[in-house]
Amino acid sequence: MTSGILHVDMDAFFASCEVARRPELRGRPVIVGGLGARGVVSAANYPARAYGVHSALPMAMARRRCPRGVFLSPDFTEYKRVSDSVMAIFRDVTPLVEPLSVDEAFLDVRGARRLFGEPREIAEGIRERIFAEHDITCTVGVAPTKFMAKLASTKAKPDGLLVIEPDGVLAFLHPLPVSDLWGVGEKTASSLARLGLHTVGDVAALPVARLRAAVGQAAALHLHELASGRDPRTVNVTREEKSVGAETTFDTDVSDPDVLRRALLELSNKVGSRARRAGYVGRTVTVKIRFDDFRTITRSRTLHTPTDVARELFTLANALLTEHSGGAALRLIGVRLEGLVETGRVARQPALGEREHGWRDAEQTVDSLRERFGAKVVRPASLLDPAAGDH
DNA sequence: TCTGGGGTCCTAGGACCC
DNA sequence: TCTGGGGTCCTAGGACCC
């Protein structure tokens, strides 16, 4: 096997996008994240990281560490625009592109060599083009497998390129800490440490059976493979979505049932319209409830017939919420639709429930109006306010 | 310092069926 | 009278990733 898998990762993506469109920010610490009372950092550029600011850090802490930083609210529309354009650059090289998120992707360039040269040259070309067109740096890892490519890019950050040849895999891999393995977070790292396993090499040397006792069947097999430099996963161009959800954390805890109802309706509308736009219906509705002490529960119900109607999501979610929140002060609520199936692949529901059909039509009308006139313009009272629509 | 929001995958128990 | 073994679905929770 040769090293033909690329992992491309944008450096501090959200912050880089902001600097790119506001050049006067270059060189200054830029921090993108929620500006509300309970916001956390989504992205910090490298000048900000010098102050100890990193993603997931509470914004309050970030301000303390970096009082002269520039603090910005995320603009996902802009990041998606840049992301789409970057992904298009990848697809100019090969159709075998697997986006992992808005700011990273795997590419299989083994078939692109006759046209574009060795993987290293391809990687350099991609880095140059992204920088030329978007003023954003990225880091590319090149390796024989997905995991090794991702590891390579992590180690070469920022603005870097690292090629790991097949015969160099184990020497690179085995001295690294177990936490560098994909799927090993804080908890798993502790479990492994209790077995005396600290490096990737330690994990590779242990029989899978002993690993199984510590981390479970699936993780044991997976980790042992990765630690041994093997990774059978191929670059997957068509990944299907499994769920769509929305959640919100309140600035201060909420116990007022009316406020909770309205928030839940808004979340349900968001989930419904995103499902409809993506062309999915789903059968299982899950509500997520986080109490003031951070204890978090989920409660779900599965429908007979899949839906994409926000009103149905809301009705179900609201029943679950009132049943399980017990009037307590809540920090967060969320709604998720799971068990997704493409809308066209589901037999249309026979005329049961005129009301649901009425709601679906109404919501679709809102969808198309929004497409034409913008989300802010079209907000009918019936969808905004539960009390107005029911009677 | 006080903990976001979008997801995926795995585990485990119970129900139910053959 | 005591009791199997496998498969699937549903629900809840948790770890992890970006």
*Under 6.0 Å from the NZ atom of A:K270, do we count more than 12 heavy atoms belonging to anything else shown?*
no
*Spell out, as yes or no, whether a donor-acceptor pair under 3.5 Å connects the side chain of A:N45 to the backbone of A:V30.*
yes
*Are A:E323 and A:R301 ion-paired here, with the side-chain N under 4.0 Å from a carboxylate O?*
yes
*Choosing from C:dC10, C:dC16, C:dC18, which nucleotide comes nearest the side chain of A:T188?*
C:dC16
*Return yes if some donor-acceptor pair links the side-chain N/O of A:E104 with the main-chain N/O of A:D9 below 3.5 Å, else return no.*
no
_Is it the case that the side chain of A:R276 and the backbone of A:D308 share a donor-acceptor pair, with hydrogens and angles ignored and the cut-off at 3.5 Å?_
yes
*Can you tell me the distance, in whole Å, between the CD atom of A:E266 and the P atom of B:dG5?*
13 Å
*Is the shortest side-chain N/O distance from A:T249 to OP1 or OP2 of B:dT3 below 4.0 Å?*
no
*Want to know the stems of DNA chain B: at least 3 consecutive Watson-Crick or G-U pairs with distances under 3.5 Å, which are they?*
B:5-18 with C:5-18
*Got a sec? Which of residues 85-92 of chain A come in under 4.0 Å of DNA chain B, heavy atoms?*
none
*Can you establish whether the number of heavy atoms outside A:R91 located under 6.0 Å from its atom CZ is more than 12?*
yes
_Whole angstrom value for the distance that separates C1' of C:dC18 from OH of A:Y79_ = 15 Å
*asked:* Any residue in residues 230-238 of chain A with a heavy atom nearer than 4.0 angstrom to DNA chain B? Just list them by number, or reply none.
replied: none
*Just by distance, do the side chain of A:H174 and the backbone of A:A227 share a donor-acceptor pair under 3.5 Å?*
yes
*asked:* Base, sugar-phosphate or nothing for A:G185? Non-hydrogen atoms, less than 4.0 Å.
replied: sugar-phosphate
*Contact class for A:V102 (heavy atom, under 4.0 Å): base, sugar-phosphate, or nothing?*
nothing
_Atom CZ of A:R120 with >12 non-hydrogen neighbours under 6.0 angstrom_ = no
_Output the rounded distance in Å from CZ (A:R331) to C1' (B:dG5)._
13 Å
*Taking A:S325 for its side chain and A:A328 for its backbone only, find out whether a donor-acceptor pair lies under 3.5 Å.*
no
*For the residue pair A:F76 and A:F14, categorise the inter-ring angle as parallel (less than 30°), tilted (30 to 60°) or perpendicular (more than 60°).*
perpendicular
*Could you check how far NE2 of A:H222 sits from C1' of C:dC16, rounded to whole Å?*
11 Å
*Taking the six-membered ring of A:Y46 (Phe, Tyr or Trp), confirm whether the NZ or CZ of A:R49 is under 6.0 Å from its centre and within 45° of its axis.*
yes
*A:A218 vs A:L332, nearer the 5' end of DNA chain B by closest nucleotide*: A:L332
*For the residue pair A:V235 and A:L107, establish whether any side-chain heavy-atom pair is separated by less than 4.5 Å.*
no
_Give the residues of residues 37-72 of chain A touching DNA chain C, defined as any heavy atom closer than 4.0 Å, sorted by residue number._
none
*Examine distances only and state if a side-chain atom of A:R127 and a backbone atom of A:C138 form a donor-acceptor pair shorter than 3.5 Å.*
yes
*Rounding to a whole Å, what distance do you find between A:E104:CD and C:dC17:C1'?*
9 Å
*Find out whether A:R129 and A:V93 are in side-chain contact, i.e. whether some heavy atom of one side chain is under 4.5 Å from a heavy atom of the other.*
no
*What is the minimum heavy-atom distance between A:K155 and A:L162, and which atoms define it?*
CB-CD2, 4.4 Å
*Between C:dC17 and B:dT1, how far apart are the P atoms? Round to whole Å, please.*
27 Å
*When you measure from the side chain of A:R283 to the backbone N and O of A:L303, does any donor-acceptor pair fall under 3.5 Å?*
yes
*Please confirm whether the backbone N or O of A:R81 pairs with a side-chain atom of A:S85, one donor and one acceptor, at under 3.5 Å?*
no
*Tell me: CG of A:L223 to C1' of B:dC10, nearest whole Å?*
12 Å
*Rounded to whole angstroms, how far apart are CD on A:E98 and C1' on C:dC18?*
14 Å
*What parts of residues 285-299 of chain A reach DNA chain C, counting only heavy atoms under 4.0 Å away?*
A:I297, A:T298, A:R299
_In whole Å, measure the gap between the C1' atoms of B:dG4 and C:dC16 for me._
16 Å
*asked:* Rounding to an integer number of Å, can you tell me how far A:D11 CG sits from C:dC18 C1'?
replied: 14 Å
*Would you say A:H222's side chain and A:A218's backbone share a donor-acceptor pair under 3.5 angstrom?*
no
*For A:T234, does its backbone N or O pair with a side-chain atom of A:K146 as donor and acceptor, under 3.5 Å?*
yes
Nucleotide N/O of nucleotides 6-8 of chain B paired with protein N/O under 3.5 Å:
| from | atom 1 | to | atom 2 | distance (Å) |
| --- | --- | --- | --- | --- |
| B:dG6 | OP2 | A:E247 | N | 2.6 |
| B:dG6 | OP2 | A:E247 | O | 3.4 |
| B:dG6 | O3' | A:R274 | NH2 | 3.4 |
| B:dG7 | OP1 | A:R274 | NH2 | 3.0 |
| B:dG7 | OP2 | A:G245 | N | 2.8 |
| B:dG7 | OP2 | A:G245 | O | 3.2 |
| B:dG7 | OP2 | A:R336 | NH1 | 3.2 |
| B:dG7 | OP2 | A:R336 | NH2 | 3.2 |
| B:dT8 | OP1 | A:K242 | N | 2.8 |
| B:dT8 | OP2 | A:S243 | N | 3.4 |
| B:dT8 | OP2 | A:S243 | OG | 2.7 |

